[in-house]
Amino acid sequence: MGFSGFFRALALVTIFGTLLVSKSMAVVYKVGDSTGWTTIGNFDYKQWAATKTFQIGDVILFQYSPQFHNVMQVTHPDYQSCNASNPIATHTTGNDSITITNHGHHFFLCGVPGHCQSGQKVDINVLRAALVPTPSVSPTPTPDATVPSTPPSGAATLDAMAGLLRKLGFSMAVFAAFVSVLA
Ligand SMILES: *[C@@H]1O[C@H](CO)[C@@H](O)[C@H](O)[C@H]1NC(C)=O
Ligand SMILES: *[C@@H]1O[C@H](CO)[C@@H](O)[C@H](O)[C@H]1NC(C)=O
């Protein structure tokens with residue numbers, strides 16, 4: 001492999017790596033896995049949810065027999081007390097996919113009397129995971145320690161510019177990768 005061949009391969013790895021990272025975000029989670037959404041077998045939905053790291057864009061799939069069950073999204077108090085009288089949303093097809101669009105708790109229960117009480121309820125908690133370190137968290141680089149007269153607004157501007165350059169640098173790297181592939 002020649003010099004340009006190496007860079008071409010490197011560029012492809014960079015591009016596909018970037019695509020892979022963005023594609024891998026959405027995951028379909030079937031509630032209860034092979035058990036599905038049921039009261040049979042006293043499946044532990046709390047334990048099931050505890051083993052997952054839900055993210056925005058993920059799909060929560062409820063599969064069940066619609067003659068015997070349903071899916072209701074409810075408030076936290078209604079989830080705790082198994083109150084199915086004021087659902088936020090109700091799903092009844094037996095193959096209901098719900099795409100998570102926001103952070104925080106998403107409470108679901110089966111609205112058939114007695115089912116929630118016997119454990120057919122699940123809390124899908126989407127944590128505010130910091131996948132990319134934000135500029136505010138990373139230590140602020142001091143341009144010159146011998147210049148103590150830099151006003152706070154100036155430091156803020158430098159911070160903003162550094163963040164902008166970082167973003168610009170990233171897109172330029174991707175752009176350069178494309179150019180080297182096309183060359
Ligand atoms: C369920 O919620 C409704 C409305 O908030 C309330 O009127 C009712 O008493 C609740 N039922 C139970 C069993 O808590
Ligand atoms: C259930 O829904 C999922 C996701 O929408 C879909 O991929 C699947 O084919 C459906 N299955 C049935 C049996 O309808």
Side-chain angles (χ1 to χ4, degrees), residues 8-135 137 166-167 170-171 173-175 177-178 181-182:
R8 195 170 287 217
L10 187 70
L12 283 171
V13 166
T14 307
I15 291 161
F16 284 105
T18 307
L19 289 175
L20 205 66
V21 165
S22 48
K23 284 279 179 194
S24 70
M25 298 303 275
V27 177
V28 177
Y29 289 105
K30 185 184 166 186
V31 177
D33 298 319
S34 60
T35 300
W37 183 236
T38 183
T39 48
I40 297 163
N42 294 314
F43 189 88
D44 192 344
Y45 292 103
K46 192 173 184 172
Q47 176 60 30
W48 175 85
T51 62
K52 311 288 182 289
T53 305
F54 302 110
Q55 291 184 2
I56 285 175
D58 287 348
V59 174
I60 309 303
L61 180 63
F62 289 89
Q63 283 188 336
Y64 55 93
S65 173
Q67 296 138 282
F68 304 114
H69 307 286
N70 61 39
V71 176
M72 287 180 177
Q73 186 169 0
V74 296
T75 61
H76 191 199
D78 285 349
Y79 175 81
Q80 285 179 310
S81 62
C82 283
N83 191 338
S85 59
N86 351 271
I88 297 162
T90 303
H91 307 270
T92 57
T93 72
N95 189 43
D96 307 319
S97 52
I98 296 150
T99 305
I100 299 297
T101 56
N102 57 302
H103 287 109
H105 293 275
H106 300 71
F107 300 103
F108 299 96
L109 53 77
C110 178
V112 174
H115 287 196
C116 174
Q117 287 84 350
S118 70
Q120 198 178 3
K121 59 196 293 199
V122 69
D123 169 12
I124 306 295
N125 188 14
V126 185
L127 297 171
R128 213 171 284 272
L131 293 173
V132 182
T134 54
V137 172
R166 226 170 291 147
K167 279 179 202 161
F170 176 74
S171 22
V174 173
F175 178 72
F178 270 109
V181 165
L182 294 173

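Atom set for the values below is all heavy atoms of this structure, side chains included, hydrogens, waters and symmetry mates excluded. Atoms within a ligand are numbered from 1 in the order they appear, just like the ligands themselves.
Side chain of D33 to backbone of T35: no donor-acceptor contact under 3.5 angstrom is found. A donor-acceptor pair under 3.5 Å is formed between the side chain of H106 and the backbone N or O of G104.
Distances from atom 2 (O) of ligand 2 to the protein include at least one heavy-atom value under 4.0 Å. Closer than 4.0 Å to atom 7 (O) of ligand 2 lies none of the heavy atoms of the protein.
The distance between the ring centers of W37 and Y45 falls below 6.0 angstrom.
The distance from ligand 2 to the heavy atoms of S97 drops below 4.0 Å at these ligand atoms: 5 (O). Applying the 4.0 Å criterion to heavy atoms of S85 picks out, from ligand 1, the atoms 1 (C), 2 (O), 3 (C).
Residue, atom and distance of the protein heavy atom nearest to atom 14 (O) of ligand 2 are N95 ND2, 3.2 Å. Among all non-hydrogen protein atoms, the one lying nearest atom 13 (C) of ligand 1 is N83 ND2, 4.5 Å. Scanning all protein heavy atoms for the shortest distance to atom 4 (C) of ligand 1 gives N86 OD1, 3.1 Å.
For a threshold of 3.5 Å applied to N or O pairs, the pair formed by S81 and ligand 1 contains no separation below that value.
Ring geometry for Y79 versus H76: interplanar angle of 30 to 60°, hence tilted.
A side chain to side chain donor-acceptor pair (under 3.5 Å) with Y64 is found for exactly one of N70, T38, D96, namely D96.
For the two cysteine residues C110 and C116, the thiol sulfurs sit 2.5 Å or further apart.
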